[in-house]
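Nothing fancy with the numbering, it's 1 onward along the sequence.
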Amino acid sequence: MQLTTKGRYAVTAMLDLASNNTGNPITLDVISQRQNISLSYLEQLFAKLRRAELVKSVRGPGGGYLLDAQAQDISLSQIIEAVDENIDLRRCKGMSSCNNGRQCISHQLWCEVSAQIRTFLNGKTLQMVIDNHNINKGI
């Protein structure tokens, strides 16, 4: 599995939103500048994150985005799945047809690795990543 920019940028943007949470909405332009992510790309990602109810938008002057749950309640897997990122290493995507219509010799291995990655990402929340970052920075 190679996590594409879609998944990485979504997690990075959500971490920015969570770590700068003052109760006031944050604009995508601010996140774009802080994280060096294209504004148009963020707009696409946040439309998906909003549909997944991970963020909420506030319209008008002073508007922007807020987390729709506490940072400790949002797992990295929720974010990655919200932007349609695939956490599955199997070429066949679970169809067991990767070797000319039959299950390949490594099918079960990739099933287990995919499950481990999913478990890891399910067990990591935005708050955990922020706390770990702060500890490593000595904050």
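Cluster annotation: Ile80 is not connected to Met128 through the hydrophobic network of ILVMFWY side chains, with a link wherever side-chain heavy atoms come within less than 4.5 Å. A single hydrophobic cluster is seen to contain both Phe120 and Met14, as judged by linkage of ILVMFWY side chains at heavy-atom distances under 4.5 Å, directly or through other members.
Note that the CG atom of Leu126 and the OG atom of Ser19 stand 9.0 Å from one another [nearest 0.5 Å]. Taking CG from Asn134 and CD from Gln127, the interatomic distance works out to 8.5 Å, rounded to the nearest 0.5 Å. Residue Leu39 holds its CG atom at 10.5 Å from CD of Gln44, rounded to the nearest 0.5 Å. Atom CG of residue Leu28 and atom OG of residue Ser32 lie 8.5 Å apart, to the nearest 0.5 angstrom. Interatomic distance, CD1 of Ile105 versus NE2 of His107, reported as 13.0 Å (0.5 Å rounding). Taking CD1 from Ile31 and CG from Leu42, the interatomic distance works out to 6.5 Å, rounded to the nearest 0.5 Å.
Under the side-chain hydrogen bond (donor to acceptor under 3.5 Å, both in side chains) criterion, Thr125 pairs with no residue, sequence neighbours left out. Arg118 is linked by a side-chain hydrogen bond (donor to acceptor under 3.5 Å, both in side chains) to nothing, counting only residues two or more places apart in sequence or in another chain. Applying the side chain to side chain contact (heavy atoms under 4.5 Å, CB included) criterion to Ala82, with sequence neighbours excluded, gives Leu49, Ala52, Leu54.
Residues Asn20 and Val30 form no side-chain contact, since every pair of their non-hydrogen atoms from C-beta on lies 4.5 Å or further apart. Looking at Leu17 and Phe46, their side chains come closer than 4.5 Å, going by heavy atoms from C-beta outward. Two residues are said to be in side-chain contact when any heavy atoms from C-beta on lie closer than 4.5 Å; Asp68 and Arg50 fail this criterion. Counting heavy atoms from C-beta on, the side chains of Val11 and Glu85 never come closer than 4.5 Å. Within the 4.5 Å cutoff, no side-chain heavy atoms of Ile37 are placed close to those of Asp16. Contact annotation: the side chain of Ser57 approaches that of Tyr65 to within less than 4.5 Å [non-hydrogen atoms, C-beta and beyond].
Surrounding CD of Gln35 are more than 12 heavy atoms belonging to other residues, nucleotides or ligands, all under 6.0 Å away. Around atom CD of Gln70, no more than 12 heavy atoms belonging to other residues, nucleotides or ligands sit under 6.0 Å away.
Side-chain atoms of Asn136 come within 3.5 Å of backbone atoms of Asn132 as a donor-acceptor pair (strictly under, hydrogens ignored).
Between Ala18 and Ala71, the shortest heavy-atom distance links the atoms CB-CB, 4.0 Å. Closest non-hydrogen pair, Asn122 versus Ser75, comes out as O-CB, 3.6 Å.
Using a 4.0 Å cut-off between charged nitrogen and carboxylate oxygen, Lys6 and Asp84 do not count as a salt-bridge pair.
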